[in-house]
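Have a look at the structure below, then the notes.
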Number of protein chains: 4
Amino acid sequence: MSDQMELWLQEQLKFYDEDEKKTEKQLRILSAAIEVFAEKGYAASSTSEIAQKAAVAEGTIFRHYKTKKELLLSIVAPMMTKLLAPFVLRDFTKVLDADYASYEQFLRAVIVNRIEFVKKHLPVVKILLQEIPFHPELKEQFLDAVAGQVLGRLTPIIEKFQANGQIVPIPSKTALRLTGSAILGFLAMRYMLLPHLEWEDEQEIEHTIQFILYGLSTSERPG
Amino acid sequence: MSDQMELWLQEQLKFYDEDEKKTEKQLRILSAAIEVFAEKGYAASSTSEIAQKAAVAEGTIFRHYKTKKELLLSIVAPMMTKLLAPFVLRDFTKVLDADYASYEQFLRAVIVNRIEFVKKHLPVVKILLQEIPFHPELKEQFLDAVAGQVLGRLTPIIEKFQANGQIVPIPSKTALRLTGSAILGFLAMRYMLLPHLEWEDEQEIEHTIQFILYGLSTSERPG
Amino acid sequence: MSDQMELWLQEQLKFYDEDEKKTEKQLRILSAAIEVFAEKGYAASSTSEIAQKAAVAEGTIFRHYKTKKELLLSIVAPMMTKLLAPFVLRDFTKVLDADYASYEQFLRAVIVNRIEFVKKHLPVVKILLQEIPFHPELKEQFLDAVAGQVLGRLTPIIEKFQANGQIVPIPSKTALRLTGSAILGFLAMRYMLLPHLEWEDEQEIEHTIQFILYGLSTSERPG
Amino acid sequence: MSDQMELWLQEQLKFYDEDEKKTEKQLRILSAAIEVFAEKGYAASSTSEIAQKAAVAEGTIFRHYKTKKELLLSIVAPMMTKLLAPFVLRDFTKVLDADYASYEQFLRAVIVNRIEFVKKHLPVVKILLQEIPFHPELKEQFLDAVAGQVLGRLTPIIEKFQANGQIVPIPSKTALRLTGSAILGFLAMRYMLLPHLEWEDEQEIEHTIQFILYGLSTSERPG
DNA sequence: CATGAATGAGGGTTCATTCAT
DNA sequence: AATGAATGAACCCTCATTCAT
């Protein structure tokens, strides 16, 4: 069942992977910029270094992107969309309904899928997380997307599982925050803070899922 | 009992709050630097803006701090120490033993205390978190402190509670990661991402603690 | 005969005069830098003044020369080579042999030629002499060139003239030092210390040559 | 006879060695300044380095010398006086007359004496020579002293020896230039350019003196 | 007299951006 | 479309000098 959902997700998301056609040079620029931004941060990166790494003249960057900032946004903005894509799918909740899926199945499918996504686009996600604190527009854009789309989609799901007693009746935002923290915490540790350690990925993910499930479960609680 | 521990913690930590005597100008510089670094990030902050905000000549900054980087470190390095201080206390575990404390009591005391601390030193903690990705020495220093001191102190505690059945028998590092994620996730949301929202702090903290407790509890689990 | 040698020298040296192609701006920068360095010395010259005098943006200087020091070296290093060039010519001694030239003819040709050269490149030579005391690498480079190339070429010449009795049998290095001092002394006086006086150049040069010749001659000496 | 003159010189010059009374700190400042100026040159030396090397507060330097330049002059100006002192002695020529001294005896006494002096005050002489090109007042002061005092005293001596046939009848300025070049050339080589080599000082000085004597002698010359 | 914190102008250098080719 | 030389503002930092202590 979770596999079904996984496949369904993949299907739906293909739509979002279309990139406009870019020249080879443009791709080299993007790739170089991602590398440099991820390593040094936007502010400490120089367009000249990016140009050099992309084997392109300095001026060429500005032919495709009016400013350095626009280059950053062209990297980070689509990532935001794609990162949150599954939660924005129109028939996202229906699938669950149709399947009478448990919260566990839902969680498992989404988490595994998103972790896979982050792993694949790690440097860009890194840039996104690193730069959000310094760019109000980015932050706003991010919060808007989350508040406006993700919350709207996820809240009913949480509430449904609260209604049928699978999830403890706390504010849905709190439940989502806790779920998100556990996942992001794993990703940050795994891929940003300690990427050089040897990780038992499957076990860690499993423990994380269990942690969330039990953390939000309604099994009897002390007074 | 948790109150007792809280008080005990406060007592022990007073030692760490001593600051060397600084001139008034130096304090103004530090304060301005914290403000600017927190807002724009280290790389995008200019010493001239800091000087202006501190109402000090730019040269004055460099009389007290040889370089801009040294200014950053003088802000961030002590914070690292203080942030981790309670976990480095020598008789940290003994207090727990003596009290036969439950994991809940332990968690509650530490979390409340650290949240209070972060709230008080928010901008510096923000700088620390924001800059760690860009300064390998900072990252290393941080990981060393955590790996060398904190882990050593916390692992036995976790294991003790695992031994007496209060905590699920997963690797202690995983348990600590999950606990840390939940706390840091709260702080990041509460104070960095959405500080302008109205928060029911006590409830949120309570839910977070419960989340951790149940997430790690050994209450019967489904196959 | 001395005229022959003079012509031969000119011919040989043409090879050294090739300069890589430089843009017009680069030439203006070099010219301005030479002017300012010669007048104020390297340390007291500012790149902004050089830029201004070259009618170029300050940044332009650093597009062509990574550092101020590199600008200095790019002016001074080739001069060192060219200044010593005639003494490094491969068939330098052969010409003398072939002609059974006297020490006087040799001296006359070389001195006149080098004085002409210095006159032409005066400011750069000034810079070279002025900066050698402050830049160990320059000093070393200079001494290496002199010790490694010039001495090797001139010593046999001196010794030949000592063998046939034209030059007094003192250490060849001493003879060279005394010869060099007389020439450099003239140049320093003439072009650096008292350039505004009216000089009878031909007479002075003639006296200087005579001074060297008699100073090193074997005409009967007292006790 | 040359020894007599040497002693007489020493006697006359004592007068010039009186220093005004300086505090110990002032002496430390002077000594440090001499060291730093000699090594890096005036422009590249910082008062803070001098203060540090003198173990004195930065402000203390400016209590004794209004400006950095004044510090330089206070070091260099007296040196100029003392360096030229023997040629300014009132009864300088009389001594020679009284003794019917030969040019050789005269030269020998003066050269040995001045070389000894330079050796003793080497760093300051170094500073003087290095800075003269960059400070018009210094240069002027130096030329005035030489032209106004030294020339006036030495010209009659040269002319006397030309009259009695010991020196070749060239312009006295030329003769002095040649003499000076040979001496300065030796000093520059010996103490500034190649101080680390092992020098046979007595021999070199002797050769230098002979070089000058023969260079200016009237022994029969070719065509 | 001695100090050293404070100054702010100026130092060399980097940088994002422009534009003629 | 691509280039890279040119720009000049802004950067971090050093400096000689001042002045309250």
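Sequence lines set the chain letters: A, B, ... in the order given, protein chains first and strands last, and positions in each chain run from 1. Computed from a predicted model, the values in this text were never measured in an experiment.
- Residue Arg63(A) has no polar side-chain atom (N or O) positioned under 4.0 Å from OP1 or OP2 of dA1(F).
- Phosphate proximity of dT3(F) to Lys25(A): present, with a side-chain N or O under 4.0 Å from OP1 or OP2.
- Phe62(D) places its CZ atom 15 Å from the C1' atom of dA5(E), with the value rounded to the nearest Å.
- Between the side chain of Arg28(B) and the main chain of Val56(B), no donor-acceptor pair closer than 3.5 Å is present.
- Nearest-nucleotide positions on DNA chain E for Val56(B) and Lys66(C) put Val56(B) closer to the 5' end.
- As rounded to whole Å, 19 Å separates atom C1' of dT18(E) from atom OH of Tyr65(A).
- Atom NZ in Lys40(A) sits about 12 Å away from atom P in dT14(E), given to the nearest Å.
- With Ser45(B) contributing its side chain and Gly41(B) its backbone, the two residues share a donor-acceptor pair below 3.5 Å.
- The distance between atom NE2 of His64(D) and atom P of dC1(E), rounded to the nearest whole Å, is 8 Å.
- Taking atom CD1 on Ile61(B) and atom C1' on dA5(E), their separation rounds to 14 Å, with Å as the unit.
- Separating the CD atom of Gln52(D) from the C1' atom of dT3(E) is a distance of 15 Å, rounded to the nearest angstrom.
- Pair assignment for dT21(F): dA2(E), on the basis of Watson-Crick or G-U wobble contacts that are both within less than 3.5 Å.
- Remark: Ser46(A) is not in phosphate contact with dT14(E), judged by side-chain N or O atoms under 4.0 Å from OP1 or OP2.
- Shown here is Glu70(A), whose CD atom has more than 12 heavy atoms of other residues, nucleotides or ligands within 6.0 Å.
- In the model, Thr47(C) has a side-chain atom that pairs as donor or acceptor with a side-chain atom of Glu58(C) under 3.5 Å.
- Using a 4.0 Å heavy-atom distance criterion, Thr67(C) is classed as a sugar-phosphate-only contact.
- Note: His135(D) and Tyr42(D) have perpendicular aromatic rings, judged against thresholds of 30 and 60 degrees for the angle between ring planes.
- Along DNA chain F, the nucleotide closest to Gln26(C) and the one closest to Ala44(B) are compared, and the more 5′ of them pairs with Gln26(C).
- Along DNA chain F, the nucleotide nearest Ser45(B) and the nucleotide nearest Gly59(A) are compared for position; the residue whose nucleotide lies closer to the 5' end is Gly59(A).
- Checking the phosphate oxygens (OP1, OP2) of dC15(E), no side-chain nitrogen or oxygen of Thr47(A) falls inside 4.0 Å.
- To the nearest angstrom, C1' of dA2(F) lies 18 Å from NZ of Lys22(A).
- Set against dT17(F), dA6(F), dT13(E), the side chain of Lys68(C) has dT13(E) as its closest nucleotide.
- Residue Ile50(A) contributes atom CD1, which lies 16 Å from atom P of dT3(F) at whole-angstrom precision.
- Both Glu58(C) and Ala57(B) lie close to DNA chain E; mapped to their nearest nucleotides by heavy-atom distance, the more 5′-ward contact belongs to Ala57(B).
- Here dA16(F) sits opposite dT7(E) as a Watson-Crick or G-U wobble pair (both hydrogen-bonding atom distances under 3.5 Å).
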